[in-house]
Peer 1: 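Could you have a look at this structure, given as structure tokens, before my questions?
Hydrogens, waters and symmetry mates play no part in the numbers below; they use all other heavy atoms, side chains included. In the text below, chain A, chain B and the rest are named by the order of the sequence lines, each starting its count at 1.
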Amino acid sequence: MNIEQIISELKEYKGPERKIMEVCGTHTASIFKSGVRSLLSSGIKLISGPGCPVCVTPAAYIDRCISYAMLENHILVTFGDMMKVPGTAGSLSQAKGNGAKVELMYSPMEIVDRAERNPGTTYVIAGVGFETTVPAYALTIEEAVRRGVSNLRLLTALKTVMPALQWICENETEIDGFLCPGHVSVIIGSAAYEDLAEQYQKPFVVAGFEPEHILAGVYDIMRQLQTASGVEKGVHNLYKNAVRTEGNKKAMSVIERYFEPGAAMWRGLGMIEDSGLYLRPEYAAYDAGSKGLDQDIELPAACRCGDVIVGRINPNECPMFGKACNPMNPYGPCMVSSEGACGIWHRNIGML
Amino acid sequence: MCIAIPGKIISIEGHRAKADFNGNLVDVNVGLIDAKIGDYVLVHAGCAIEIMEKDRALELIELFHDLDELA
Ligand code: SF4
């Protein structure tokens with residue numbers, strides 16, 4: 001098997017239309033950058049999933065971030081992706097323009113140093129992310145505890161991917177197969193998808209981010225879908241260089257030491273039991289009040305973000321796309337984040 | 001948001017390491033992996049989350065071999 005054979009088979013596919021969801025925004029971005037779509041038969045549809053933690057974070061969370069940034073002696077620290085996401089009264093970036101104290105971080109762990117150097121200031125870390133990022137927050141708390149740094153808090157909007165995938169399998173039955181999120185899988189392991197694959201009899205393929213990885217993943221899913229019914233569909237790991245069957249156990253255990261599951265709100269999907277991670281009661285002193293931030297903004301009536309996030313429509317099927325809604329003037333969160341499907345599609349408009 | 005990028009470990013001191021990303025040296029926490037100097041690691045948010053065992057070319061050869069077994 002080589003890449004040319006894969007490309008020609010995928011181009012010449014003439015069977016029934018298949019929908020494959022790439023769960024994570026990093027895949028969406030890479031699919032566009034590498035032009036993978038143009039290599040596929042029109043019978044193979046790639047749909048973007050909910051795998052951008054920024055896009056599924058409700059507005060109440062942004063509002064809380066802003067209110068901390070306005071408090072005296074407080075600084076809100078965040079990854080850059082969050083800056084432009086709209087809350088009910090604007091974004092962090094707008095708030096910063098109005099005097100709110102917002103700083104960027106490369107890693108939450110560096111905030112332990114910043115907080116130690118500035119004992120009079122409370123650093124509130126905007127802890128957004130999936131399993132890939134949670135270990136970094138856990139190590140941050142571990143370090144803060146170890147060094148006795150107490151002027152640091154986590155405001156979490158942490159989510160785990162499996163409950164959302166379960167929701168999608170249950171509610172969006174048209175999706176034929178899943179390209180699993182590669183870097184989430186590094187942590188949780190490819191075995192994590194086995195129950196879903198078995199229960200819903202759908203292929204789950206873990207793939208990396210190079211164009212060859214993605215094409216191989218799509219090919220594998222199509223292969224599995226073409227085999228006779230009765231043949232088990234399953235989990236295949238095509239990113240063995242980074243993803244182990246069992247994942248990174250040290251990372252999983254550090255997550256478990258500091259966080260416990262709880263209900264969380266996903267834009268587009270709603271409340272999902274046990275799909276969030278919250279600091280354990282033992283570490284409540286480090287929590288900036290992360291529970292209950294469930295209210296979302298009323299999206300403009302025409303904004304179809306909710307449908308985009310679960311793959312019911314492609315961004316360009318939204319009537320606002322590229323017209324009233326564009327990266328300079330985003331209506332919905334999916335247009336804002338660098339890994340939001342609408343934004344990625346818009347930046348690559350020439351390739352549609 | 002969940003992107004992790006590979007860098008090469010240059011030095012290690014406890015859980016703190018320096019990794020080289022195309023000539024930029026960056027502080028990386030290696031507490032979650034058993035890294036040694038010279039390893040290529042995947043780094044996300046300042047944290048090394050896994051060791052990459054093979055170079056890209058070798059990885060792709062093995063990937064296509066795996067697909068053969070499916071066919
Ligand atoms: S294009 Fe804009 S308005 Fe339409 S779904 Fe995307 S973010 Fe919402």
Peer 1: Is it the backbone or the side chain of A/Glu143 that comes under 4.5 Å from a heavy atom of chain B, or both, or neither?
Peer 2: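 Answer is side chain: those atoms of A/Glu143 sit under 4.5 Å from chain B.
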Peer 1: Would you mind telling me which of B/Ile33, B/Val41, B/Leu60, B/Leu32 has the largest number of heavy-atom pairs within less than 4.5 Å of chain A?
Peer 2: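 Max contact count across the listed options: B/Leu32.
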Peer 1: Of the backbone (N, CA, C, O) and the side chain (C-beta and beyond), which part of B/Val26 lies under 4.5 Å from a heavy atom of chain A, both, or neither?
Peer 2: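 The answer is the side chain of B/Val26.
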Peer 1: How far does CG of B/Leu63 sit from CG of A/Asn241, to the nearest 0.5 angstrom?
Peer 2: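 Reported to 0.5 Å precision, the distance equals 10.0 Å.
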Peer 1: Taking the six-membered ring for Trp and the single ring otherwise, decide whether the centroids of A/Phe130 and A/His183 are under 6.0 Å apart.
Peer 2: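 No, the ring of A/Phe130 stays outside the 6.0 Å limit from the ring of A/His183, centre to centre.
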Peer 1: Side chain, backbone, both or neither: which part of A/Glu210 has an atom under 4.5 Å from a heavy atom of chain B?
Peer 2: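 The answer is the side chain of A/Glu210.
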Peer 1: Under a 4.5 Å heavy-atom cut-off, does chain B meet the side chain of A/Ile3, its backbone, both or neither?
Peer 2: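 The answer is both parts of A/Ile3.
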Peer 1: CD1 of B/Ile51 to CG of B/Asp34: how many Å apart, nearest 0.5 Å?
Peer 2: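 Those atoms lie 6.0 Å apart.
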Peer 1: Using atom types as modelled and distance alone, determine if a side-chain donor or acceptor of A/Asp220 lies under 3.5 Å from a backbone N or O of A/His236.
Peer 2: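 Between the backbone of A/His236 and the side chain of A/Asp220 there is no qualifying donor-acceptor contact (under 3.5 Å).
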Peer 1: Going through the distances and angles, do B/Lys8 and B/Asp39 end up as a salt bridge (Lys or Arg N to Asp or Glu O under 4.0 Å)?
Peer 2: CA-CA 6 Å; B/Lys8 187 179 183 181; B/Asp39 281 346; over 6 Å; no
Peer 1: Tell me, out of A/Glu131, A/Glu142, A/Arg244, A/Glu110, who's got the most heavy-atom pairs with chain B below 4.5 Å.
Peer 2: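 If we count pairs closer than 4.5 Å to chain B, A/Arg244 comes out on top.
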Peer 1: Would you kindly say whether A/Tyr239 and A/Ser190 are connected by a side-chain donor-acceptor distance under 3.5 Å?
Peer 2: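 Not at all, the side chains of A/Tyr239 and A/Ser190 share no donor-acceptor pair under 3.5 Å.
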Peer 1: Quick check on the interface: out of A/Pro135, A/Pro181, A/Ala242, who has the most heavy-atom pairs with chain B under 4.5 Å?
Peer 2: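 Answer, by heavy-atom pair count under 4.5 Å with chain B: A/Ala242.
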Peer 1: Let me know if B/Glu53 has heavy atoms under 4.5 Å from chain A in its side chain, its backbone, both or neither.
Peer 2: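 Both backbone and side chain.
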Peer 1: Please flag which part of B/Ile49 lies under 4.5 Å from any non-hydrogen atom of chain A: side chain, backbone, both or neither.
Peer 2: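 When you check distances to chain A, atoms from both the backbone and side chain of B/Ile49 fall under 4.5 Å.
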Peer 1: At what distance, to the nearest 0.5 angstrom, does OG of A/Ser34 lie from CG of A/Leu215?
Peer 2: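 These two atoms lie 7.0 Å from each other.
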Peer 1: Side chain, backbone, both or neither: which part of B/Ile61 has an atom under 4.5 Å from a heavy atom of chain A?
Peer 2: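 No part of it gets close to chain A.
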